[in-house]
Amino acid sequence: MSYNFQEIEAKWQKYWNENQTFKAEENSTKPKYYILDMFPYPSGAGLHVGHPLGYIASDIYTRFKRLAGFNVLHPMGYDAFGLPAEQYAIQTGRHPADTTKENIARYREQLDKIGFSYDWNREVQTCDPKYYKWTQWAFIQMFEHYYDLDENKARPISELIKVLSEKGSAGVNAHAGEIEEFSAEQWNSFNEKERENTLQNYRLAFLAETAVNWCPGLGTVLANDEVKDGLSVRGSHPVEQKKMQQWCLRVSAYAPRLLDGLDELNWSDSLKEMQKNWIGKSVGAEVKFDIKDSSEKIEVFTTRADTIFGVSFMVLAPESDYVSTVTTEAHKQEVEDYLAATKKRSERDRLADVKRVSGVFTGSYCIHPFTGKEIPIWIGDYVLGGYGTGAVMAVPAHDSRDYAFAKHFDIPITQVVSGGDISEESYDAKNGTMMNSDFLDGLKVKEAIKKMIYEVESRGIGKKQTNYRLRDAIFSRQRYWGEPFPIYFKDGVPTPLSMDDLPLQLPEVDKFLPTEDGQPPLGRAENWKTKDGHPLEMSTMPGFAGSSAYYLRYMDPHNEEGLVSKEANNYWQDVDLYIGGAEHATGHLIYSRYWNKFLFDIGYVCKEEPFKRLVNQGMIQGRSNFVYRLKGKNEFVSLGLKDKYDTQEIHVDVNIVHNDQLDMEAFKAWRPEFKDATFITENIDGKEIYNCGYAVEKMSKSMFNVVNPDTIVEKYGADTLRLYEMFLGPLEQSKPWNTNGIEGVHRFLKKIWNLFYTDETLTVTDSKPTPEELKVLHTCIKKVNEDIDTFSFNTSVSAFMICVNDLAKLKCNNREILSDLVTLLSPFAPHFCEELWRELGNETSISFATIPELNESYLIESTHKYPISINGKMRFLMDISLDASKDEIEKLVLESAEIQKWIEGKEIKKKIIVPKKIVNIVVA
RNA sequence: GCCCAGGUGGUGAAAUUGGUAUACACGCUAGACUUAGGAUCUAGUGCCUUUGGCGUGGAGGUUCAAGUCCUCUCCUGGGCACCA
């Protein structure tokens, strides 16, 4: 029998499915282990070979954990709401629900072919009303809670109301929006609308008029992580700033906990670093500056309180509220012109010319709190309205942006920290000694910061302050294909629906476009009202809503009473291992942590952090091929000769190129316009060949470099695909896809097959394994065990190859050895191993086998007893632990009886003696 | 500009964490078998001026010993970017 992978893989996939082999149960005596993949967005293009990389790694880990005696939860589902399906719907008129359903079916088919051990009973689709009922529920919970800074957790709004009615706003220490203080009497005299307006400043899910990233191309707002370089991540449309009333989540309330929580997580340093930067903690002080001839003050945030004596001007953000208070009549026109010009510049333009300095003087002055000098107040667009107080004290000598501004407008520069030369550029470093700074003179920068903050606080002109860059998440999208908000407006007051009315299902609409009067698509739905006629919210939730708690739903996917039951949550607790791309660092992985912390606060889940360990798989890039067309002709020249002609580079489908050589007939058949193409070929070793150029690019349809896993599975089988994707290199590294080495991996499986079968019949012996065989096997067991926890699967595959080569040399067909080998290999090549496992006479699935135990004694014993062959040379390796000099050891070792016996009559080619470590002697 | 990874044969990559550099695989070369080979097997394959020497982006350093540690520097990839 030869290795017929197609038959074998179909057979065992069917068996696993029919026998529910991978069904996870909560009533197990084994320890639990939860392994999660980032669920895919089912796009119309289907899976390419890059998608399964992480899935294969997690599946190997899953199967390994099962063999090691764990009760493993390994589910899969789909992140099914999103922009592409809606864009497609707008273009074709097809309902996103229909196309999504088709795409999911296609994904499932592709996933099934690779032999994953998912428990499909727990499948989750975010667009399923049974699922998004709980997304809506969570939103209502956030609406009904606020963040209490004393208890440092979310608490019910009802408790807040009680405090407000007894003590007024002073009785509450909450993470809230800007609130004007009010007394209990005032609160009690508020009408319903006034009360709600106040409460909106406290709620964790709230409506706010904010500057948002508005994308006209997509007709919706976008979150910060959905915008890159002023363009939308999806579709690359320009994005501009616009003030709009939007639902928001008060993620910023959790910023300190999101930051501190990172310490206990087993995530990669680079990913933690990204989150740290995104959260962006900075410690400093808020200082108040009096405005000249006014009772008003300007408050600024600074991390460099030490440099306060170097302040030579103030700068306000164009959108700052201070602008109107400080602008004098004489400068009004100038300021208004400047504001108008700034507003016109899009986010993208602003980023494009960061270096251009612009600003305008307001006509007013501040009074320096220490020197009493007058400081001019300017407006500049390098100051951000949304960060700190929207105003800065400018210290041109020690801040490069202030320096550029001062130089441009010819404002004096005073050095207050020694150490740098400020004639050409500012000196920003936080070391040096203070000068020109009155009572700070002579102090080091760090001491000066402390002293100044103390001074500011004791004079009552400011306080120590920590700021975070993390903003509240904007949660509204003016879109159709998302979760509807469970909110209606009762006389303009936003009110949540009751649980009985959930899920609030997406209505049918005639078109997936905004209405004529600019309302979101849901405005087209007939009767988008509650039963008693109140209008429902028309925007929908963003993509990250559905993916923020899906891992909890897998624990208890069919529960109709809640997102997850207490029992299921207590059993599975949290995700032990999460595998996915690093591109979610500042989006999904922040929102999920926030969402989970919130559910933890309200006592709904038992763990504060959702993902204990996170492994990022690298991206698989495409490897594109090019042909070179003579300009204006239908003639193509091979890579080696192209410099002799005037050519144009054209992407060619990588599927008709093998080892960079073009299949010329297939090329002619590829597209009609190339039907009559002619070629200028190269002669290499007597063959006429057309060589293609190549480049590493993103895998995408337009570059014709997409490789579909189905093609690989068809040609080599799923097990070869799985092994090859792991063999390609370290999991976390990005790498281009190429099939150059896949033959070697496929050959490896055939070699194992041949250990079992001679002349197509199964031949295994039941004799006792020899020490050599045991050594070979246990070397492999050791290596694979070591690799598993670091996901170094590429070296595991190598270890298997070495093992099989050595066993083939020993002509091993021992049942015990082969059985252990197959068990160890089964997580990597499950179908293949399941087949051989049964051939060895086992009744149950190999998934219920036990991982072979490592016996180090086989290794140690043989190291001393058997000289081994490395790279064709005989070597004697020996562990020594003598604390002696090289020469002494050499003498001792060479004179030992064991070595004497071995080298007798042979020529010593090489001696390496390493104190305390090893002796390595190579003989001819 | 700031932060994080990384740089090893023709290629993908290993290296017991300071101890035989290039395991394993691809590719290539030669041979065997074959009507044939995009099949299988065997041997070889870092470089050079080859009784020897040089080699892990470059230059120094620590050490009996450095791909690994330290200093400087040059590239590549990723993230953040007027965050005061």
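At the heavy-atom level, A:K715 lies under 4.0 Å from base atoms of the strands shown. At the heavy-atom level, A:N805 lies under 4.0 Å from the strands shown only through sugar-phosphate atoms. As judged by a 4.0 angstrom heavy-atom cut-off over every strand, A:F727 is placed among the base-contacting residues.
In this structure, A:I802 atom CD1 and B:U22 atom C1' are separated by 13 Å, rounded to whole Å. Rounded to a whole Å, the CD atom of A:E273 is 13 Å from the P atom of B:C80. In this structure, A:N740 places its CG atom 12 Å from C1' of B:G10, rounding to the nearest Å. When the C1' atom of B:G37 is taken as reference, atom CD of A:E743 falls 13 Å away, rounded to whole Å. Straight-line distance from the CD1 atom of A:I298 to the P atom of B:A84: 19 Å, rounded to whole Å. Rounded to whole Å, atom P of B:C80 lies 17 Å from atom NZ of A:K276. Atoms CD (A:E725) and P (B:G12) sit 18 Å apart, rounded to a whole Å. A:K783 has its NZ atom 11 Å from the P atom of B:U17, to the nearest Å.
Relative to the side chain of A:F301, the nucleotides B:A25, B:C82, B:A84 differ in distance, and B:A84 lies closest. Distance from the side chain of A:T795 is smallest to B:A14 among B:A84, B:C80, B:A14. Among the nucleotides B:C80, B:C24, B:C82, the one closest to any side-chain atom of A:L384 is B:C82. The side chain of A:Y387 has B:A84 as its nearest neighbour among B:G79, B:U40, B:A84. Looking at the side chain of A:M801, the nearest of the listed nucleotides B:A14, B:C24, B:U40 is B:C24. For A:P730, counting side-chain heavy atoms from C-beta on, the closest listed nucleotide (B:A14, B:C82, B:C24) is B:A14.
Base-pair partner of B:C80: B:G1 (Watson-Crick or G-U wobble, both distances under 3.5 Å). In this structure, B:G37 makes no Watson-Crick or G-U wobble pair, since no nucleotide meets both defining distances under 3.5 angstrom. Pairing of B:U56, defined by two Watson-Crick or G-U wobble distances under 3.5 Å, is not identified with any nucleotide. Of the nucleotides present, none pairs with B:A13 by Watson-Crick or G-U wobble criteria with both distances under 3.5 Å. The partner of B:C28 is B:G44, by the rule that a Watson-Crick or G-U pair needs both atom distances under 3.5 Å. Pairing for B:G6 goes to B:C75, judged as Watson-Crick or G-U wobble with the two contacts each under 3.5 Å.
A close approach under 4.0 Å does occur between a side-chain nitrogen or oxygen of A:N794 and OP1 or OP2 of B:A14. Taking 4.0 angstrom as the limit, A:Q733 places a side-chain polar atom (N or O) nearer than this to OP1 or OP2 of B:A13. For B:C26, the OP1/OP2 oxygens have a side-chain nitrogen or oxygen of A:R747 closer than 4.0 Å. Not one side-chain nitrogen or oxygen of A:S270 sits closer than 4.0 Å to the OP1 or OP2 atom of B:C3. At B:A84, none of the side-chain N or O atoms of A:Y382 fall inside 4.0 Å of OP1 or OP2 (strictly under the cut-off). Residue A:N616 has no polar side-chain atom (N or O) positioned under 4.0 Å from OP1 or OP2 of B:G78.
When each of A:R469 and A:V797 is assigned the nucleotide of RNA chain B bearing its nearest heavy atom, the one mapping closer to the 5' terminus is A:V797. Comparing A:K735 and A:V745 by the nucleotide of RNA chain B that holds the closest heavy atom to each, the one mapping nearer the 5' end is A:K735.
Between A:Y716 and A:F5, the gap from one ring centroid to the other reaches at least 6.0 Å. Ring to ring, A:F793 and A:F791 are close: their centroids are under 6.0 angstrom apart. The ring of A:W737 has its center closer than 6.0 angstrom to the ring center of A:Y724.
When the P atom is used for both B:U76 and B:A14, the distance is 23 Å, rounded to whole Å. Taking atom P in both B:U11 and B:C48, the straight-line distance is 15 Å, to the nearest Å. The P atoms of B:U40 and B:A25 are separated by 13 Å, rounded to the nearest whole Å. Rounded to the nearest Å, the gap between the P atom of B:A65 and that of B:C54 is 15 Å. Comparing the same atom, C1', in B:A84 and in B:G6 gives a spacing of 33 Å after rounding to whole Å. B:G38 and B:C28: their C1' atoms are spaced 15 Å apart (whole Å). Separation of the P atoms belonging to B:U22 and B:U56 is 13 Å when rounded to the nearest angstrom. Taking atom C1' on both nucleotides, B:C3 is separated from B:A66 by 28 Å, rounded to a whole Å.
Base orientation of B:G9: syn (glycosidic angle within 90° of 0). Syn is the conformation of B:U17, whose glycosidic angle sits no further than 90° from 0. Because its glycosidic torsion is more than 90° from 0, B:U45 is reported here as anti.
Shown here is A:D321, whose CG atom has no more than 12 heavy atoms of other residues, nucleotides or ligands within 6.0 Å. By the neighbour-count criterion of 12 heavy atoms within 6.0 Å, atom NZ of A:K782 is sparsely surrounded, having that number or fewer from other residues, nucleotides or ligands.
Between A:D787 atom CG and A:N794 atom CG the span is 7.5 Å, to the nearest 0.5 Å.
A:T720 and A:H746 form a side-chain donor-acceptor contact under 3.5 Å, judged by distance and modelled atom types alone.
If you run side-chain contact (heavy atoms from CB on, under 4.5 Å) between A:K281 and each of A:L470, A:N467, A:L259, only A:L259 comes through.
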**Request:** With ring pair (Phe, Tyr, Trp, His ring centres under 6.0 Å) as the test, would you mind laying out the steps for A:F405 and A:F313 before giving the verdict?
**Result:** CA-CA 10 Å; A:F405 197 87; A:F313 56 103; 5.4 Å; yes
